[in-house]
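Structure record follows, encoded as structure tokens.
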Amino acid sequence: MNLQDVYSESSGILSSLYPEGASLTLINSKIAHCYAGATGGALAADTRTTVGGQPNSITVTDSSIIGCSATAGGGALTVSRSSLAALVDSRISNCSSLGEGGAVFARSTSAVTVLRTRITLCSARVGGAMSLSSDATATLHFSTIMQCNAHVSGGGLSLLDSAATLFRTTINGCRAQGINATGGGIAAYRSTLLLANGSSIIGSYASGSGRALAITGSQVVFKLPAPPGRWIAGTLCAVYRAACPTIEDPADGTSTQDPDCLRTASECSQQQNLTAIVDGVACQPTTFAQV
């Protein structure tokens with residue numbers, strides 16, 4: 001199936017999925033030069049359903065999306081509100097957004113899987129190739145993000161309150177090139193990022209800080225094996241656990257971290273049992289770095 005030169009005032013040129021549990025699968029297809037006035041220049045999935053309902057999903061296999069654009073986000077693809085998307089053995093090139101995610105924009109607990117896929121020459125204000133926000137997640141396996149650009153941050157990938165895992169994936173030659181732009185390869189803000197099985201960020205540039213990585217309030221981990229020529233800083237041999245929860249005082253609305261959790265945090269970091277209890281206090285769950 002081929003689709004090109006299509007215009008939409010809203011979202012998702014090919015499919016905007018609202019009914020609970022709806023799904024779309026494209027195989028050996030081409031989408032070219034499509035445009036959306038909001039999000040999802042080629043494709044958009046949105047789950048508008050009650051809590052516990054079935055998510056909507058899009059799967060793209062052996063296909064290409066070329067030259068598509070969107071005003072707000074997701075030049076090629078947008079997934080929202082717990083929707084799912086998978087890009088398999090596919091190619092996205094020359095897509096753009098005036099907002100977030102030149103190729104892919106994922107938000108609001110949605111999830112994207114990218115397998116053996118190549119994203120090239122895409123651009124956006126934030127996240128030249130991909131932008132994740134509001135507890136979205138992305139997993140990239142054996143894929144490449146190459147020569148993508150952002151004006152503000154995240155030439156290849158931008159994370160905001162989200163999480164991404166890269167397995168043997170390369171971000172190559174991406175740029176954050178506006179005034180004082182950050183994170184030529186990846187920009188992570190209050191997020192978690194795992195680079196595993198030789199994943200690498202090479203040849204990236206930022207006009208401001210973080211040629212490869214710009215990290216703000218985030219946890220970024222290289223998991224061995226690292227790429228040749230890289231090294232990983234030594235860290236304390238400890239069990240890394242989530243931060244202690246906050247407790248709000250109803251009298252004045254102020255918040256403080258749980259004092260019992262803080263009191264036992266040091267001892268918990270030495271307990272290998274994932275569900276350890278110290279002095280009657282349950283230890284916090286381990287972070288993704290322990291995987």
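It should be emphasised that the depicted structure is a prediction, and the values quoted were computed from it without experimental measurement.
What you find for G37 and T71 is that their closest heavy atoms are O-CB, 3.2 Å. P55 and S82 get closest at one heavy-atom pair: CB-O, 3.1 Å. The two residues G156 and I145 come nearest to each other via the heavy atoms CA-CG2, 4.1 Å. Minimum interatomic distance between S131 and G101 (heavy atoms only, all atoms of both residues): CB-N, 3.5 Å. The shortest heavy-atom contact between A70 and A38 is CB-O, 3.6 Å. Nearest approach of T182 to A214, heavy atoms of both residues: CB-CB, 3.9 Å.
Hydrophobic clustering of Ile, Leu, Val, Met, Phe, Trp and Tyr side chains at less than 4.5 Å, counting indirect connections, keeps I66 apart from V104. Y205 and L121 are assigned to two separate hydrophobic clusters, defined by single-linkage of ILVMFWY side chains at heavy-atom distances under 4.5 Å. Under a hydrophobic clustering in which Ile, Leu, Val, Met, Phe, Trp and Tyr are joined whenever their side-chain heavy atoms come within less than 4.5 Å, directly or via other members, V126 and I92 fall into different clusters. No continuous path of ILVMFWY side-chain contacts below 4.5 Å connects V281 to V239, so the two sit in separate hydrophobic clusters. At a threshold of 4.5 Å between side-chain heavy atoms, the hydrophobic network of Ile, Leu, Val, Met, Phe, Trp and Tyr places F142 and M146 in two separate groups.
Checked by atom type and distance alone, the side chain of S110 pairs as donor or acceptor with a backbone atom of V79 at under 3.5 Å. Judged by distance alone, the side chain of S199 and the main-chain N or O of L166 form a donor-acceptor pair under 3.5 Å. The backbone N or O of R91 lies less than 3.5 Å from no partner atom in the side chain of T117, so there is not a single donor-acceptor pair. Side-chain atoms of S143 come within 3.5 Å of backbone N or O of R116 as a donor-acceptor pair. The main-chain N or O of L140 is found under 3.5 Å from a side-chain atom of T169 such that the two form a donor-acceptor pair. When atom types are taken as modelled, the side chain of S218 and the backbone of A188 share a donor-acceptor pair closer than 3.5 angstrom. Under a 3.5 Å cut-off, the side chain of D161 and the backbone N or O of D135 do not form any donor-acceptor pair. Between the S162 side chain and the L160 main chain, a donor and an acceptor come within less than 3.5 Å of each other.
Looking only at atom types and distance, the side chain of R107 has a donor-acceptor partner in the side chain of S80 under 3.5 Å away. Between the side chains of S158 and Y189, no donor N or O sits under 3.5 Å from an acceptor N or O.
No side-chain heavy atom of P285 sits less than 4.5 Å from a side-chain heavy atom of R241. Looking at heavy atoms from C-beta onward, Q147 lies out of side-chain contact with T120 at the 4.5 angstrom threshold.
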Inset, instruction - Using the side-chain contact (heavy atoms from CB on, under 4.5 Å) rule, take T78 and L43 through it: C-alpha gap first, then chi angles, then the decisive distance, then the call. - result: CA-CA 6 Å; T78 290; L43 300 163; over 6 Å; no
Legend entry - Stepwise side-chain contact (heavy atoms from CB on, under 4.5 Å) check, L193 with I186: CA-CA 10 Å; L193 172 65; I186 299 176; 3.7 Å; yes
Inset, instruction - Starting from the C-alpha separation in whole Å, work towards a yes-or-no answer on side-chain contact (heavy atoms from CB on, under 4.5 Å) for T137 and T109. - result: CA-CA 7 Å; T137 60; T109 68; over 6 Å; no
Inset, instruction - Could you walk me through whether I171 and I202 pass the side-chain contact (heavy atoms from CB on, under 4.5 Å) test, one step at a time? - result: CA-CA 6 Å; I171 296 178; I202 57 177; over 6 Å; no
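The ring pair (Phe, Tyr, Trp, His ring centres under 6.0 Å) contacts involving residues 93-141 comprise H141-F167, where partners must be two or more places apart or lie in separate chains.
Expressed to the nearest 0.5 Å, how far CG of D279 lies from CG of D260 amounts to 8.5 Å. Atom CG of N94 sits about 9.0 Å away from atom OG of S96, to the nearest 0.5 Å. If you take CD on Q219 and OG on S191, they are separated by 11.0 Å, rounding to the nearest 0.5 Å. From K223, atom NZ reaches atom CG of N197 across 7.5 Å, with rounding to the nearest 0.5 Å. Atom CD1 of residue I65 and atom CG of residue L87 lie 6.5 Å apart, to the nearest 0.5 angstrom. Atom OG in S207 sits 6.0 Å away from atom CG in N180 (nearest 0.5 Å).
Considering S269, C261, C268 as possible partners of Q284, the one that fulfils the side-chain contact (heavy atoms from CB on, under 4.5 Å) test is C261. Applying side-chain contact (heavy atoms from CB on, under 4.5 Å) to I201 and the options L157, N172, L213 leaves one that passes, L213.
In this structure, R263 does not pair ionically with D258, as no charged nitrogen and carboxylate oxygen lie closer than 4.0 Å.
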